[in-house]
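To start, the structure itself, in structure tokens.
The first residue in the sequence is number 1, and the count goes up from there.
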Amino acid sequence: MSDRLNGISVFVTAVEAGNFALAASRLHLSRSAVGKTIARLEQRLGVRLFHRTTRSQSLTDDGALFYERCLRALEEIRTAETLLESGKRQVSGRLRVSMPVLFGRLCIAPILTELAREHPQLELELSFNDRLVDMIEDGFDLVVRNGALPDSARLVARRLGNHHMAFCASPAYLARCGEPTTLDALAQHDAVAYLRSGTIRNWEVPLEQGETRLIAPRARLVMDDLQALADATMAGFGIGWLPCWLVRDQLLSGELVRVLQQYPGAEFNAHALWPHTPHLPLKVRLAVDALANKLPASMALIEAQL
């Protein structure tokens, strides 16, 4: 029975991954081991599950029928596990989470690692990446994202908290170029700008009555890494528009100076996203609850000090 269940799990992962190589990566197996497991499953069932060529693989009619039934069976198993876990509140197994690089490392990972400390049988696999991953295709249990959410009926989202941006510059730059006192004055200043998906990101300034002003920075340096952006701002290359959680220590130490403080910083929401399922696994629910309970206080403490 154990071998049968193992074969089904490998088969379902191979279907969802689209190829044996990616399935092997998700299962932490070799591609050869995945291929042999599928071959044994086909031999036991007496049918061919995949059409395979050197470049592609696709389900046969028998394979599609078997896949549909396997999904139902696995969903029943997951439901049973969730019900049992909910009763004892002890979480176990591997939790795969994707998050932005710096926000994840500084703000999200400490909360999740503390959760792992409280639950010794919980295994964490944290992926730090600023690209927008396809969590279902890439096999993540949970994704943390800042800003606008994807429009997808396959995903569920929960707001975790918010954070603000601030205009910053080094004392050396301000001594050399002066301090802007109006938004229009930014056009006369060098800027260090953030590049996202090949596009320079505009600076967003909330105004009265819910309006937002977009400012195209006069970019002297353009970077796709927030830490490099903060470093260049500290080095005096221009004004940067940076998240408060990233530059708190530099603002407190005087390495950076906050400018245009009369304008409230743009606010961005952080959300947790997970695949839509009738029974949310306990490990995902506890992780989301921990983030929703602890992240707002952490953000509020950071911004209260500035």
* To do: Just say parallel, tilted or perpendicular for the rings of Phe66 and Phe11, cut-offs at 30° and 60°.
  => tilted

From [X] atom [atom1] to [Y] atom [atom2], the distance as rounded to the nearest 0.5 Å:
| X | Y | atom1 | atom2 | value |
| --- | --- | --- | --- | --- |
| Leu160 | Leu273 | CG | CG | 9.0 Å |
| Leu251 | Cys244 | CG | SG | 7.0 Å |
| Arg52 | Thr60 | CZ | OG1 | 9.5 Å |
| Ile302 | Cys107 | CD1 | SG | 5.0 Å |
| Leu22 | Arg31 | CG | CZ | 11.5 Å |
| Met234 | Ser253 | CE | OG | 8.5 Å |

Spell out, as yes or no, whether a donor-acceptor pair under 3.5 Å connects the side chain of [X] to the backbone of [Y].
| X | Y | value |
| --- | --- | --- |
| Asp224 | Leu195 | no |
| Ser298 | Lys294 | no |
| Tyr173 | Asp190 | yes |
| Asn202 | Leu214 | no |
| Gln262 | Thr182 | no |
| Glu303 | His164 | yes |
| Thr37 | Val10 | no |
| Lys283 | Arg94 | yes |
| Arg258 | Ala169 | no |
| Thr212 | Glu204 | no |

Exercise: identify the closest heavy-atom pair between [X] and [Y]:
| X | Y | result |
| --- | --- | --- |
| Pro296 | Gly161 | CG-CA, 4.4 Å |
| Tyr194 | Asp225 | CE1-N, 4.0 Å |
| Gly147 | Phe268 | CA-CD2, 4.3 Å |
| Leu115 | Ala287 | CD2-CA, 3.6 Å |
| Pro180 | Ala185 | CB-CB, 4.0 Å |

* Determine, stepwise, if the pair Trp274 / Val143 fulfils side chain to side chain contact (heavy atoms under 4.5 Å, CB included). => CA-CA 6 Å; Trp274 61 89; Val143 165; over 6 Å; no

* Pair Lys36 + Glu42, salt bridge at N-O below 4.0 Å -> no

Hydrophobic cluster identity match, [X] and [Y], side-chain contacts under 4.5 Å:
| X | Y | result |
| --- | --- | --- |
| Leu291 | Leu106 | yes |
| Val247 | Leu221 | yes |
| Phe20 | Leu45 | yes |
| Val288 | Phe103 | yes |
| Met223 | Trp241 | no |

* Enclosure of Arg131 CZ (heavy-atom neighbours >12, cutoff 6.0 Å) -> yes

* Count the heavy atoms belonging to other residues, nucleotides or ligands that lie under 6.0 Å from NE2 of His276, then report whether that count exceeds 12. => no

* Looking at Phe140, is Arg96 sitting on its ring face, NZ or CZ under 6.0 Å from the six-membered ring centre and within 45 degrees of the normal? -> yes

* To do: Please test Asp289 against Arg158 for salt bridge (Lys or Arg N to Asp or Glu O under 4.0 Å), starting from the C-alpha separation and ending with a verdict.
  => CA-CA 10 Å; Asp289 286 347; Arg158 179 176 174 184; 2.7 Å; yes

Is there side-chain contact between [X] and [Y], with at least one heavy-atom pair below 4.5 Å?
| X | Y | value |
| --- | --- | --- |
| Leu246 | Pro243 | yes |
| His271 | Val144 | no |
| Ile215 | Leu183 | yes |
| Ile239 | Val192 | no |
| Met135 | Pro275 | yes |
| Leu71 | Glu16 | yes |
| Arg218 | Leu186 | no |
| Thr233 | Leu242 | yes |

* Any chance you could lay out the side chain to side chain contact (heavy atoms under 4.5 Å, CB included) test for Asn269 and Glu267, step after step, and finish with the verdict? => CA-CA 7 Å; Asn269 288 322; Glu267 178 181 291; 4.0 Å; yes

* Asked: Can Glu114 and Ile111 be said to form a side chain to side chain contact (heavy atoms under 4.5 Å, CB included), step by step?
  -> CA-CA 5 Å; Glu114 181 60 30; Ile111 297 174; 5.9 Å; no

* Walk me through it: do Leu122 and Ser92 pass the test side chain to side chain contact (heavy atoms under 4.5 Å, CB included)? => CA-CA 4 Å; Leu122 176 64; Ser92 62; over 6 Å; no

